[in-house]
Number of protein chains: 2
Amino acid sequence: MDRPHDMTQPAPTSPKRDTPGIDAESHAEGFQKTRNARRTELCEDYVELIAELIGREGEARQVEIARRLGVAQPTVARMLKRLAEDGYIQQRPYRGVFLTPIGEALAAACHRRHEIVEGFLRALGVSDEVARHDAEGMEHHVSEETLQAFARFLDGQQDTGTR
Amino acid sequence: MDRPHDMTQPAPTSPKRDTPGIDAESHAEGFQKTRNARRTELCEDYVELIAELIGREGEARQVEIARRLGVAQPTVARMLKRLAEDGYIQQRPYRGVFLTPIGEALAAACHRRHEIVEGFLRALGVSDEVARHDAEGMEHHVSEETLQAFARFLDGQQDTGTR
DNA sequence: GATGATATATAGCCAGTGCTATGAAATCGC
DNA sequence: GCGATTTCATAGCACTGGCTATATATCATC
Ligand SMILES: [Mn+2]
Ligand SMILES: [Mn+2]
Ligand SMILES: [Mn+2]
Ligand SMILES: [Mn+2]
C-alpha cells in the first residue's frame with residue numbers, strides 16, 4: 001500500500017474520504033461537453049460572420065472572410081467546403097457564399113447569443129474592447145440557461161437606470 | 001463552362017457605407033486572440049486537474065487524469081510529455097506527475113479564475129450542474145478585466161445578503 | 001477580346017488532439 | 001520471490017485547422 005518507494009512524499013493514501021471534489025464521471029462529462037463545444041465553435045464563428053457580411057456588404061467572399069478572421073484564404077476555402085457539405089452554406093464561385101435556411105438559423109442563434117454575452121459583459125463594467133474579445137471566445141461555451149441568466153441581468157439593469 | 005452566374009442576386013455592390021460593424025483588423029485581432037486561448041486551454045485544464053488530484057489524492061497518475069478528462073491514456077501520455085518539455089510538470093514513472101513551480105503558478109491562477117467564474121455563474125442563478133459545465137469552457141476566455149468584474153459582482157452579492 | 005488584377009482551387013507541409021492496439025515495466029498480493 | 005494486475009510507452013491512424021506555393025478561373029478595363 002503505502003511504500004511505493006520511500007522517498008519524499010509520504011504516500012498520502014489516507015482512507016480517501018471519497019470526494020471533496022466531484023466524482024470522475026461527472027468531471028469527465030464536463031470536459032467532454034467542452035470538447036464538443038470546441039468542435040463546433042469555429043463553424044459558429046463562420047456562419048455568424050457570413051451572415052454579418054451579407055447583411056452589411058451584400059456578399060460574403062472568401063477573401064473577406066479570411067481578412068476578417070485573420071487566417072489565410074486556403075484555410076477558409078477548406079472550411080467553406082466543409083460547411084457546404086454539412087448544409088450550412090451554398091457556394092457560388094466568384095459570387096460569394098450564401099447561407100442555407102439551416103445556416104441562417106444557426107447564424108441567428110449565434111448572433112443573438114453573442115449580442116447578449118457581449119452586452120452583458122459591458123453592463124458588468126467591462127470595457128468595450130475587452131468585452132468584444134472575451135465574448136468572442138466565451139459565447140461558444142454559454143448554455144441557454146446561462147444565457148437566460150445574462151438576459152435577466154440585462155433586463156434588471158435596464159430598469160434601474162442604464163448607467 | 002456553364003454561366004456560373006447572371007442568375008438571381010443582382011450584384012449588390014452598393015456604395016458600401018463603410019462599417020456599421022468593426023474594421024477588419026480589429027475583428028481579426030479578436031479572433032486571433034481567441035485562437036490563442038484555444039491553444040492554451042488544454043494545458044490549463046491539465047495543470048489545474050493535476051494540482052487538484054495532488055491536493056486531494058496525494059498523487060496524479062496518468063490513468064486517473066485520463067479518467068477525469070474522459071480521454072484515453074495515450075492521449076494523456078503524449079500531453080504530459082509536452083507539458084514536461086514545456087516545463088510545467090515533472091514525470092516520475094509509476095510515481096505520478098508533479099508540478100514545477102511554473103506549473104504550480106499556472107495551476108493556482110487557473111484554479112482561482114475557475115472558482116470565480118463558476119461562483120459567479122451560480123450567484124447569477126445558474127444551476128450547479130450547468131454552472132460547472134459552462135465554467136469549464138468559459139474560464140479560458142475570461143480576461144483579467146472581466147474576472148475583476150465578476151469578482152466585484154460577487155462581493156456586491158455577498159454584502160446584500162447571500163441568498 | 002487581350003490582359004492584368006482579383007478570386008478561388010488545389011496540393012502538400014506541419015502541429016495538435018483524439019483513438020486503438022499492443023508491448024514493456026513496475027507494483028501488488030501472496 | 002513470482003505471477004497477476006496495473007501503469008506506462010509507443011506505434012500508427014484519422015481528422016482538424018493552421019500555413020505556403022502555385023495553378024486556374026473570373027472580372028474589369030481598355
Ligand atoms: Mn460570435
Ligand atoms: Mn466566437
Ligand atoms: Mn478549470
Ligand atoms: Mn476548463
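It should be emphasised that the depicted structure is a prediction, and the values quoted were computed from it without experimental measurement. Order of the sequence lines sets the chain letters (A, B, ...), proteins ahead of strands, with each chain counted from 1.
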The side chain of A:M79 lies closest to which of these nucleotides: D:dG17, D:dA9, D:dT7? D:dG17
Any B:Q62 side-chain N or O less than 4.0 Å from OP1/OP2 of D:dT6: no
So, B:R68 side chain and B:L53 main chain: donor-acceptor pair closer than 3.5 Å or not? no
Between A:T75 and D:dG18, is there a side-chain N or O to OP1/OP2 distance below 4.0 Å? no
Atom pair distance, as rounded to whole Å: CG in A:L69 and P in D:dT16: 18 Å
For D:dG17, does either OP1 or OP2 sit under 4.0 Å from a side-chain N or O belonging to A:R82? yes
Nearest of C:dG18, D:dA9, C:dA7 to any side-chain atom of B:V71? C:dG18
Candidates C:dT17, D:dA9, D:dG18 - which lies nearest the side chain of B:Q91: D:dA9
Pair A:R112 + A:E144, salt bridge at N-O below 4.0 Å: yes
Of the listed nucleotides C:dG18, D:dA21, C:dT8, the one nearest the side chain of A:V63: C:dT8
Between C1' on C:dA25 and CZ on B:R61, what's the gap in Å once rounded to a whole number? 13 Å
A:D45 CG to D:dG17 P, straight-line distance once rounded to whole Å: 11 Å
Tell me: CD of B:Q32 to C1' of D:dG18, nearest whole Å? 10 Å
Tell whether A:Q73 reaches the base of C:dA9 with its side chain through a donor-acceptor pair below 3.5 angstrom. yes
d(CG, A:L80; P, D:dT16) in whole Å: 15 Å
Has the side chain of B:R78 got a donor or acceptor that lies under 3.5 Å from a partner of the other kind on the base of C:dG18? yes
Protein-nucleotide distance (B:R92, atom CZ; D:dA9, atom P), rounded to Å: 14 Å
So if you build clusters from Ile, Leu, Val, Met, Phe, Trp, Tyr with side-chain heavy-atom gaps below 4.5 Å, do B:I102 and B:M79 land together? yes
Send over the distance from A:R39 CZ to D:dA14 P, rounded to a whole Å. 18 Å
Let me know the distance between CG of B:L42 and C1' of C:dA15, rounded to the nearest Å. 14 Å
On DNA chain C, more 5' by nearest nucleotide between A:E64 and A:R35 is A:E64
Under 3.5 Å, is there a donor-acceptor pair between the side chain of B:Q91 and the main chain of B:A84? no
Can you find a donor-acceptor N/O pair under 3.5 angstrom joining the side chain of B:Y94 to the base of C:dT27? no
Considering all heavy atoms, the nearest A:S26-B:R132 contact: O-NH1, 3.8 Å
Establish, with yes or no, whether the OP1 or OP2 oxygen of C:dT10 is under 4.0 angstrom from a side-chain nitrogen or oxygen of A:K81. yes
Among D:dT10, C:dG18, D:dC8, which nucleotide has an atom closest to any side-chain atom of B:A77? D:dT10
Determine, for A:K81 against A:E85, whether the closest basic-nitrogen to carboxylate-oxygen distance falls under 4.0 angstrom. no
